[in-house]
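Protein chains get the first letters and strands the later ones, always in sequence-line order, with residue 1 at the start of each.
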Protein chains: 2
Amino acid sequence: MFLCVRLLLFLNKLSMMKRTTIKDLAQYLSLSTSTISRALLNDKNIHADTKNRVIEAAQKLGYKPNVTALNLKYGKTKSIGFVVPEMTTPFSSKVLQGVHNILYPLGYKVIILQSDEDPLRERENLLLLESFNVDGIIINLCHETHNQEIYQEIIQRGTPLVFFDRIPQNTLDVSKVLVDDHIKASLMIEHLISCGRTKIVHLMGPSTVRNSVERAGGYQRILTKHNLYDAQLMVKTNGVGFDDGRIAAKKLLDNKVQFDSIFAFTDTLAIGAMNYLQEQGIKVPEEIAIASFSGTEFSVNVYPQLTSVEQPLTKMGESAATLLIEKIKDDSSPSRTIILDAKLVYRASTLGKAL
Amino acid sequence: MFLCVRLLLFLNKLSMMKRTTIKDLAQYLSLSTSTISRALLNDKNIHADTKNRVIEAAQKLGYKPNVTALNLKYGKTKSIGFVVPEMTTPFSSKVLQGVHNILYPLGYKVIILQSDEDPLRERENLLLLESFNVDGIIINLCHETHNQEIYQEIIQRGTPLVFFDRIPQNTLDVSKVLVDDHIKASLMIEHLISCGRTKIVHLMGPSTVRNSVERAGGYQRILTKHNLYDAQLMVKTNGVGFDDGRIAAKKLLDNKVQFDSIFAFTDTLAIGAMNYLQEQGIKVPEEIAIASFSGTEFSVNVYPQLTSVEQPLTKMGESAATLLIEKIKDDSSPSRTIILDAKLVYRASTLGKAL
DNA sequence: TGATACTCTGGGAACGTTCCCAAGATATTG
DNA sequence: CAATATCTTGGGAACGTTCCCAGAGTATCA
């Protein structure tokens, strides 16, 4: 009864303050902060009874450790940055999910920034994250060479950087995770050819990023091998959004380019093009077959469903997070490159027979 | 020259350490930390020369303030949580963009958590954010009543909560931002009727959230007014994903329900249903017209383009962030509700003439 | 019995900053 | 010239925590 009144008085006093700290517990139990800390950290140098009393009191007073104090003490923020060209398509979201899978259980927070496919914006994002003192950064970049020195500087100043999907030039010694773009693109072109297509358009991504060049390389290699390569069918787009695909398709039709299929750098490009073609009354896949390179659920949520190279996006995020943790734990650990396997999934957009 | 050597020696010494602090500057310039602090904070009680020397040295040694120390001092983490049912459709991304617009310039970090439409997960997310000591939380909930007490408790323990889109019951005194679901749904039904549709299906969202009920209410009111209401056309779905729309459409066809149009709770439901119908050879909009309630770019990136109630999603995020800042600044400030205007945009999915 | 080992607890520095207080130096005033 | 105001700086506490060091008390040993 006496104890109860004492608790109430104490709680009342506390309610004025923001939050129960270790000092409050120390005062309440007439112990030192050292002892409280030991009790809460399961230190062996403490009497079992004392420990129980502390734990009970912590429960009663609603004690929660102050992570900021811990972070200051250990010189970490337990937060990491995630920088992507955009977050409005499921691509980045899927990767993010993988990142979360690894990092949240470890107590890390993830701070997301979008570069809007703008290298300047990307640069600002990186500097902002640095000013936030993040412990590391996972990034999908939007231009291969533009911010090269910034990456270098940031790493040198002590913030590890891990790249995924679009990676920087090889001169930079960093951990990264990617898929074998060249081979998978090649296989997809073989598939289109095996479906009887001969005039295959490639909607190529920005030539400032490696994947784009790799996939275009696979496309070109196979078509050349089959004597089907036609430079006019290689279409450069400005970006990788729905609109860019739409615009590219319109340009092809306007220029009366003859083609019977499209292989697009991303699912957004593919869908944008497909929508435009359908709006013009063109049948997919009968007149034009369409294939993409992606891994999001978009491919099965359009009509007709899209044949595509399905990248293991969540796995990609998990791998990137794992590589980052390696670097955070020991910044002199060697950089690693993880190459993930992507699989080709054939769906209605290429499987209907050609006219 | 002498100074230069001195700098190099100092830099060399620093390179062993993690980071330049105010103390390093103090030592380097033979000043006190107080003076350094004053110089860096533009305090007026400092000699202009001293200030310049400090700023110059800070530049040279690459000084960056330690935010964690600041956070500890001021009892804030300068971070807020963003809890959403999912992040893989552009809905949440769009809102997030608005949140970023307001919060990043103010130096806040945003931590995103997905509840996967699971109230238990949502609860865990909230507690996790609380353990991160976030200064506030913006949330789109996934079940109206399930976590009611948790919201209450979290607010009581001092973390302000702001709701958007799906909001909790009125018994909770909180800030929130929403659109007028009932009226906009009503207007959309009027539109379908004016297009000559009489058998309008409603793919209703989960009945555990307010919007869902509101939109269904608008649907029912207008149809009743026109003597067109038919309970069999009100379809409850399990979730709001593409699949749920697909399943609902399949069920309607399997049960040979007669209908000439669909009004869906979200664009994902609408698109899922539309894809299934098209796969079954049904023409949209000629045989079935489709309308949705959303605000993402999905509506213009499908074929045919979707008529929909376009919510100002980015604005929604900005409003929520603004309301949250109010609460963070002064937790006794009165709760506010912001009701945003959504506009109806008519597109091909309803505009083609009915057969 | 005296020396030694073990158990448990308290004191206080440290993480990086801000900011209050005090104080020395200089300028201003009557 | 003494008194006072102004400018500029340094000292040190505080934010919440961990952890090293020291020391009091008790148990163990020869």
Q.
Distance alone, cut at 3.5 Å: any donor-acceptor contact between the side chains of B:Thr337 and B:Lys176?
A.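 On atom types as modelled, these side chains qualify, holding a pair under 3.5 Å.
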Q: Decide whether B:Lys94 and B:Thr314 meet the rule of one side-chain donor and one side-chain acceptor closer than 3.5 Å.
A: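 Checked: B:Lys94/B:Thr314 side chains show no N/O donor-acceptor pair below 3.5 Å.
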Q.
Among residues 62-79 of chain B, which ones have heavy-atom contacts with DNA chain C below 4.0 Å?
A.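 Here the set is B:Tyr63, B:Lys64, B:Pro65, B:Asn66, B:Ala69, B:Leu70, B:Lys73, B:Tyr74.
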Q. Among residues 43-55 of chain B, which residues get a heavy atom nearer than 4.0 Å to DNA chain C?
A.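 Residues of residues 43-55 of chain B under 4.0 Å from DNA chain C: none.
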Specify the separation, in whole Å, of atom [atom1] of [X] and atom [atom2] of [N].
{"X": "B:Leu31", "N": "C:dT17", "atom1": "CG", "atom2": "P", "value": "15 Å"}
{"X": "B:Leu29", "N": "D:dT9", "atom1": "CG", "atom2": "P", "value": "11 Å"}
{"X": "A:Asn42", "N": "D:dC19", "atom1": "CG", "atom2": "C1'", "value": "16 Å"}
{"X": "B:Leu40", "N": "C:dG16", "atom1": "CG", "atom2": "C1'", "value": "12 Å"}
{"X": "A:Ile36", "N": "D:dT17", "atom1": "CD1", "atom2": "P", "value": "11 Å"}

Q.
Taking salt bridge (charged side-chain N to carboxylate O under 4.0 Å, His left out) as the cut-off, I'd like each qualifying pair that reaches into residues 33-59 of chain B, sequence neighbours left out, listed once.
A.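 Residue pairs passing salt bridge (charged side-chain N to carboxylate O under 4.0 Å, His left out), neighbours aside: none found.
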Q. Can you pull the salt bridge (charged side-chain N to carboxylate O under 4.0 Å, His left out) pairs that have at least one residue in residues 98-109 of chain A, sequence neighbours excluded?
A.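 Counting only pairs at least two positions apart or across chains, no salt bridge (charged side-chain N to carboxylate O under 4.0 Å, His left out) contact touches residues 98-109 of chain A.
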Q | Smallest separation among heavy atoms of A:Gly136 and A:Thr159, with atom names | A |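 Answer, listing the atom of A:Gly136 first, then A:Thr159: CA-CG2, 3.8 Å.
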Could you list, one pair per line, each protein nitrogen or oxygen that sits under 3.5 Å from a nitrogen or oxygen of nucleotides 20-27 of chain C, together with the distance?
none

Q: Flag the pair B:Lys76 and B:Asp135 as a salt bridge only when some basic side-chain nitrogen lies within less than 4.0 angstrom of an acidic carboxylate oxygen.
A: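 Not counted as a salt bridge, because no side-chain N and carboxylate O are separated by less than 4.0 Å.
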(Q) Between B:Glu117 and B:Arg166 (salt bridge meaning N to carboxylate O under 4.0 Å), is one present in this structure? (A)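 Yes, this pair counts.
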Q. For the residue pair B:Phe82 and B:Phe164, is the inter-centroid distance of their aromatic rings smaller than 6.0 Å?
A.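 So the answer is yes for these two rings.
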Q) After noting the C-alpha distance and the side-chain angles of A:Ser115 and A:Glu124, does the key distance pass the side chain to side chain donor-acceptor pair (under 3.5 Å) rule? A) CA-CA 9 Å; A:Ser115 305; A:Glu124 285 168 16; over 6 Å; no
Q) Per the end-axis method with five pairs at each terminus, what is the bend angle of the helix from C:dT1-D:dA30 to C:dG30-D:dC1, to 10°? A)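 Angle reported: 60°, given to the nearest ten degrees.
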Q: Ignoring hydrogens and angles, tell me if any N or O in the side chain of B:Ser32 forms a donor-acceptor pair with the backbone of B:Thr35 under 3.5 Å.
A: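 Between the backbone of B:Thr35 and the side chain of B:Ser32 there is a qualifying donor-acceptor contact (under 3.5 Å).
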Q: Could you tell me whether a side-chain N or O of B:Asn140 sits under 3.5 Å from a main-chain N or O of B:Pro85, the two making a donor and an acceptor?
A: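 No, B:Asn140 side chain to B:Pro85 backbone: no donor-acceptor pair under 3.5 Å.
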**Q.** Short side-chain N/O contact to D:dT9 OP1/OP2 from B:Thr35, under 4.0 Å
**A.**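 Result: no.
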**Q.** B:Ser37 vs C:dT18: side-chain N/O to OP1/OP2 distance below 4.0 Å
**A.**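 Result: yes.
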(Q) Please compare B:Leu41 and A:Ser32 by the position of their nearest nucleotide in DNA chain C and report the one closer to 5'. (A)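 Upstream on the strand: A:Ser32.
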Q) If you count the non-hydrogen atoms of other residues, nucleotides and ligands that lie under 6.0 Å from CG in A:Asn45, is the total more than 12? A)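 Yes, because the 6.0 Å sphere around CG of A:Asn45 holds more than 12 heavy atoms from other groups.
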Q: May I ask you to check whether over 12 heavy atoms, not counting those of A:Arg121, lie within 6.0 Å of atom CZ?
A: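 For A:Arg121, atom CZ is crowded (more than 12 foreign heavy atoms under 6.0 Å).
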